[in-house]
Structure formats: structure tokens, C-alpha cells
Amino acid sequence: MNQPTELTFAPEFDQPIRYIERTRSYYLGLGYDTPYVWAHYGDVPFTALKKPLSQSVVGLVTTAVPFDASKGPQGSGAPYNAAAKFYEPYGLPMVGEIDLRIAHVGIDRKNADMADMQCWLPLNAAMQEVNNGRIQSLSRNVYGLPTNRSQRHTLEVDAPLILKMLRADQVDVAVLIPNCPICHQSQSLLARYLEEAGIPTVVMGSAKDIVEYCGVPRLLFSDFPLGNAAGLPNNPQAQSANFALALRVLESAPGPRTTVQSPLIWSKDPHWKLDYSNLEKLSALELARLREEVECARETARELRMKSVGV
């Protein structure tokens with residue numbers, strides 16, 4: 001009689017990170033006893049493409065910020081930098097060299113690449129699709145959506161401003177690329193708003209639970225560290241493949257809540273998924289230090305917000 005073969009499974013943690021649970025536990029561990037309430041909807045708007053992508057103007061919406069050397073470290077390995085935050089949506093002309101950074105948001109600093117901008121703004125991949133005729137053109141501007149914990153402010157102030165910019169640039173479809181957990185919520189809220197206004201969207205995200213909990217029409221999920229949702233670092237071929245897949249999701253989604261997972265793999269070793277905001281990896285001394293850093297960052301962000309938008 002043959003011996004039964006032993007089944008070999010992937011480790012339990014090798015699945016999409018549950019960022020809602022992870023961040024809730026993390027902030028409770030830091031001493032904040034009021035859990036954040038994430039946006040959640042039952043109904044999801046959906047707008048089908050009105051014309052082929054080859055006849056469409058595509059707009060890229062990011063939560064990254066234009067580099068400003070006066071605002072402190074923002075390069076590779078930079079710590080969380082609240083001074084570089086922005087609170088007003090922007091349109092950045094797509095001329096000359098574009099330099100957007102992600103040091104102002106809560107990305108995975110241990111694993112994500114902070115040097116290759118194409119990991120959070122797939123500009124080269126998008127231009128390649130223009131050159132090969134897959135899409136008609138990119139919009140005149142790249143658009144910046146603030147990372148805002150206030151869902152009301154995102155929906156009532158920021159989203160209308162982004163919509164106004166997109167319409168002014170005659171954008172037909174929008175690709176939204178978030179970075180941190182709150183970025184994923186903000187971009188999801190924007191996706192819903194734009195769809196209700198008649199602009200089809202696709203979110204290129206890496207926090208699957210946050211986006212699906214909010215409820216969006218289309219999500220291309222990449223199981224990558226926060227901050228690198230657009231593609232693998234220093235790998236133009238993979239970045240192009242991921243953006244091309246996002247376009248296919250735009251075209252082929254049968255209805256709202258369509259999620260497609262990218263086949264690209266970040267690493268053969270999935271242990272990176274245990275690093276982000278994981279209380280089990282932090283000592284009491286580290287927790288105390290992090291609590292102090294969070295408080296300092298909150299105060300800096302609060303002052304900057306008051307100067308920017310007055311609330």
C-alpha cells in the first residue's frame with residue numbers, strides 16, 4: 001500500500017495583508033484607544049468606457065508629492081516626513097522632468113523601493129502605451145490627491161477639485177495609484193466620485209482589503225509592499241506589464257467590485273508581509289519611541305494643514 005504524500009502549502013501569512021486589522025492593532029498598541037472607522041459602502045457606482053482606449057485621454061492620479069528640497073529628507077531611505085505633506089489637490093504639467101516622492105506617507109519603509117518613481121507613478125509605462133497606440137494620449141497634467149483621514153473632506157472638497165481638473169483636461173478615463181493605507185481609502189473614495197460623474201476608473205493598489213471594503217468599480221491588486229503598487233522596482237518590463245493589465249481591467253470589467261490580481265510576485269520569500277506595523281516585532285521601548293514620533297508627526301501635519309486649508 002502506497003504511503004500518502006505529504007501536502008505542502010504556502011505559509012498562512014502568505015496572503016494579502018489585512019491592513020485594516022494590522023493598523024488597528026498597531027495604533028491600539030501605541031495607546032490610541034479609538035479605532036479609526038474606515039469608509040465602507042454596499043453599493044458601488046460603475047461607468048463603462050464610452051469609447052476605445054485608443055481614442056481616450058488617460059489621466060494619472062497619485063498621492064505622491066512634488067519634491068521640494070526645503071521640506072527635508074524625501075529620498076531613498078527617508079523616514080516618515082510629515083513636513084512634506086500636501087493638503088490641496090494639484091495638477092502638475094507633464095513637461096520636463098517630473099519628480100514625485102512618497103516620504104510623506106506611511107509606506108513600507110523596510111521593503112518598498114523609494115528611489116524608482118515608476119513604482120508609484122507608472123509614467124514610463126503609460127507613455128509606452130501611447131507610443132504603441134494602445135491609448136490616445138496622457139492628459140496635460142498629473143494629478144495629486146491629498147492623503148486625508150477625513151472621508152468627508154475627500155468627498156466634498158478634494159474629489160470635486162480633481163474632477164474639475166480632469167474635465168478641464170478632457171480626461172476620458174483615470175488610473176488611480178495610492179501608496180499608504182489612508183491613500184488607498186482616499187483614492188477609493190475618489191474612484192467612486194469620478195464614476196458617479198461619468199469617468200471610468202481603475203485603482204492600482206496594494207491594500208486589497210481597504211479598497212474592497214470601501215467598494216470601487218475596478219481594482220488591479222498587486223501583492224507588493226505599500227508604496228510600490230505600480231510595479232516592481234528597476235524592472236521596466238514588469239512595470240509595463242502591470243500597467244497594461246490595468247488597462248485590460250478598465251476595458252473588460254463586467255461590473256462594479258471587479259478585482260484582478262497581478263501575477264507578478266514581489267519575492268519568493270513572503271516574510272516581508274510580516275514587517276509593516278506589526279506589534280509582534282516591536283519591543284515596549286520601540287513602542288514608546290514610535291508613539292512619540294507619531295505625536296510629533298501629527299503636530300507637524302496639523303500645523304501644515306491649518307496653513308494650507310484652515311481646518
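Not measured: the values here are computed from a predicted model. Numbers for residues simply follow the sequence, beginning at 1. In what follows, every heavy atom counts, from backbone to side chain, and hydrogens, waters and symmetry copies are set aside.
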S.K.: What I want to check is whether the side chains of N242 and S222 have a donor and an acceptor closer together than 3.5 Å.
M.R.: yes
S.K.: Taking all heavy atoms of A191 and all of V216, pick out the closest pair and write down the distance.
M.R.: CB-CG1, 4.3 Å
S.K.: For a 4.5 angstrom cut-off between non-hydrogen side-chain atoms, does L285 reach R289?
M.R.: no
S.K.: Any sub-3.5 Å donor-acceptor pair from N148's side-chain atoms to T154's backbone N or O?
M.R.: no
S.K.: Looking only at non-hydrogen atoms, find the nearest pair between S240 and Q128 and report the distance.
M.R.: OG-OE1, 2.9 Å
S.K.: Please report the interatomic distance SG(C119) to CD1(I177), rounded to the nearest 0.5 Å.
M.R.: 12.0 Å
S.K.: Is it the case that one hydrophobic cluster holds both L194 and V202, taking links as side-chain heavy atoms less than 4.5 Å apart, direct or via other members?
M.R.: no
S.K.: Yes or no on side-chain contact (heavy atoms from CB on, under 4.5 Å) for R24 and Y36, after CA distance, side-chain angles and deciding distance?
M.R.: CA-CA 7 Å; R24 179 179 290 129; Y36 183 69; over 6 Å; no
S.K.: Take atom NZ in K50; do more than 12 heavy atoms of anything else shown fall under 6.0 Å from it?
M.R.: yes
S.K.: Determine whether L166 and K164 satisfy the following criterion, side-chain contact (heavy atoms from CB on, under 4.5 Å), listing intermediate values before the conclusion.
M.R.: CA-CA 6 Å; L166 296 181; K164 184 177 180 181; over 6 Å; no
S.K.: Does Q170 use its side chain to pair, donor to acceptor, with the backbone of R167 at less than 3.5 Å?
M.R.: no
S.K.: Would you find a donor on one side and an acceptor on the other, under 3.5 Å apart, between the side chain of Q187 and the backbone of V61?
M.R.: yes
S.K.: According to a hydrophobic-cluster definition based on side-chain heavy atoms being under 4.5 Å apart (Ile, Leu, Val, Met, Phe, Trp, Tyr only), do L279 and I17 belong together?
M.R.: no
S.K.: Please list, chain by chain and in numerical order, all residues satisfying salt bridge (charged side-chain N to carboxylate O under 4.0 Å, His left out) with D99, sequence neighbours excluded.
M.R.: R101
S.K.: Just by modelled atom types, is the T258 backbone N or O under 3.5 Å from a matching donor or acceptor in the R218 side chain?
M.R.: no
S.K.: Side chains of T63 and N179: do they bring a donor and an acceptor to under 3.5 Å?
M.R.: yes
S.K.: Taking atom types as modelled and ignoring hydrogens, do the side chains of D269 and S267 form a donor-acceptor contact shorter than 3.5 angstrom?
M.R.: no
S.K.: Which heavy atom in G106 sits nearest to a heavy atom in L226, and how many Å separate them?
M.R.: O-CD1, 4.0 Å
S.K.: More than 12 foreign heavy atoms under 6.0 Å from CG of L28: is that the case here?
M.R.: yes
S.K.: Side-chain contact, heavy-atom cut-off 4.5 Å: L138 with V130?
M.R.: yes
S.K.: Without swapping roles, check the side chain of D14 against the backbone of P270 for a donor-acceptor pair under 3.5 Å.
M.R.: no
S.K.: Dump the intermediate steps for side-chain contact (heavy atoms from CB on, under 4.5 Å) on M204 and F221, then the final yes or no.
M.R.: CA-CA 6 Å; M204 296 181 70; F221 167 63; over 6 Å; no
S.K.: Verify whether one side chain among D68 and Q74 offers a donor that lies under 3.5 Å from an acceptor in the other.
M.R.: no
S.K.: Any donor-acceptor pair under 3.5 Å linking the side chain of Q185 with the backbone of A39?
M.R.: yes
S.K.: Is there a donor-acceptor contact under 3.5 Å from the side chain of R109 to the main chain of A103?
M.R.: yes
S.K.: Any link between L161 and L145 through a network of hydrophobic side chains (Ile, Leu, Val, Met, Phe, Trp, Tyr) touching at under 4.5 Å?
M.R.: no
S.K.: Taking the side chain as every heavy atom from C-beta outward, state whether T147 and C180 have any atom pair closer than 4.5 Å.
M.R.: yes
S.K.: Evaluate the side-chain proximity of N124 to P236: yes if any heavy-atom separation is below 4.5 Å, no if none is.
M.R.: no
S.K.: Which heavy atom of L247 sits nearest to which heavy atom of R134, and what is that distance?
M.R.: CD1-CG, 3.8 Å
S.K.: According to side chain to side chain donor-acceptor pair (under 3.5 Å), who are the partners of E295, at least two apart in sequence or on a separate chain?
M.R.: Y32
S.K.: Should I199 and V58 be regarded as members of a common hydrophobic cluster, given that ILVMFWY residues are connected when their side-chain heavy atoms come within less than 4.5 Å of each other, either directly or indirectly?
M.R.: no
S.K.: Does V142 share a hydrophobic cluster with L176, counting links as ILVMFWY side-chain heavy atoms below 4.5 Å and allowing steps through other members?
M.R.: no
S.K.: About how many Å separate CZ of F46 and CZ of R257, when rounded to the nearest 0.5 Å?
M.R.: 13.0 Å
S.K.: Closest heavy-atom contact between A297 and A82?
M.R.: O-CB, 3.5 Å
S.K.: Is it true that, when you exclude E251 itself, more than 12 heavy atoms of the residues, nucleotides or ligands shown sit nearer than 6.0 Å to its CD?
M.R.: yes
S.K.: For residues 63-90, pull every pair meeting ring pair (Phe, Tyr, Trp, His ring centres under 6.0 Å), keeping only residues two or more places apart or in separate chains.
M.R.: F86-Y90, F86-H104
S.K.: Begin with the C-alpha distance, continue with both residues' side-chain angles, and end with the deciding distance and a verdict on side-chain contact (heavy atoms from CB on, under 4.5 Å) for L92 and I98.
M.R.: CA-CA 8 Å; L92 181 67; I98 293 177; 3.8 Å; yes
S.K.: Say whether Q136 and S56, considering side chains only, have a donor N or O and an acceptor N or O under 3.5 Å apart.
M.R.: no
S.K.: Measure from the side-chain N and O atoms of N81 to the backbone N and O of P73, and report whether any donor-acceptor pair falls under 3.5 Å.
M.R.: yes
S.K.: Does a side chain donor of either N228 or D113 reach within less than 3.5 Å of an acceptor in the other side chain?
M.R.: no
S.K.: Flag the pair R192 and E195 as a salt bridge only when some basic side-chain nitrogen lies within less than 4.0 angstrom of an acidic carboxylate oxygen.
M.R.: no
S.K.: Is it true that Y27 and D33 share a donor-acceptor pair across their side chains at a distance under 3.5 Å?
M.R.: no
S.K.: Indicate yes or no: at least one non-hydrogen side-chain atom of P181 is less than 4.5 angstrom from one of H184.
M.R.: no
S.K.: Supply the atom-to-atom distance L30 CG to L287 CG, rounded to the nearest 0.5 angstrom.
M.R.: 6.0 Å
S.K.: With a 4.5 Å cut-off on side-chain heavy atoms, are M165 and P89 touching?
M.R.: yes
S.K.: State which residue, out of F224, F13, Y19, fulfils the ring pair (Phe, Tyr, Trp, His ring centres under 6.0 Å) condition with Y276.
M.R.: Y19
S.K.: What residue pairs, at least two apart or across chains, pass ring pair (Phe, Tyr, Trp, His ring centres under 6.0 Å) with a residue in residues 158-181?
M.R.: none
S.K.: Is it true that, when you exclude K110 itself, more than 12 heavy atoms of the residues, nucleotides or ligands shown sit nearer than 6.0 Å to its NZ?
M.R.: no
S.K.: When you measure from the side chain of W120 to the backbone of L100, do you find a donor-acceptor pair of N or O atoms at a distance under 3.5 Å?
M.R.: yes
S.K.: Mind checking what makes side chain to side chain donor-acceptor pair (under 3.5 Å) contact with D209, not counting sequence neighbours?
M.R.: none
S.K.: Do P45 and P256 come close enough that some side-chain heavy atom pair is under 4.5 Å?
M.R.: no
S.K.: Tell me which pairs pass ring pair (Phe, Tyr, Trp, His ring centres under 6.0 Å) where either residue lies in residues 192-217, with sequence neighbours left out.
M.R.: H40-Y213
S.K.: Would you check, one step at a time, whether the test salt bridge (charged side-chain N to carboxylate O under 4.0 Å, His left out) holds for E303 with K307?
M.R.: CA-CA 6 Å; E303 293 176 1; K307 292 178 182 177; 5.5 Å; no
S.K.: Would you say E212 and T259 are linked by a side-chain donor-acceptor pair, where the criterion is simply a distance under 3.5 Å?
M.R.: yes
S.K.: Is there a donor-acceptor pair under 3.5 Å between the side chain of E88 and the backbone N or O of V309?
M.R.: no
S.K.: Any idea which heavy atoms bring L245 and S262 closest together, and the distance?
M.R.: CD2-CA, 3.9 Å
S.K.: Around atom CZ of R18, are there more than 12 heavy atoms from other residues, nucleotides or ligands closer than 6.0 Å?
M.R.: no
S.K.: Between D223 and K208, is there a side-chain N and carboxylate O pair less than 4.0 Å apart?
M.R.: no
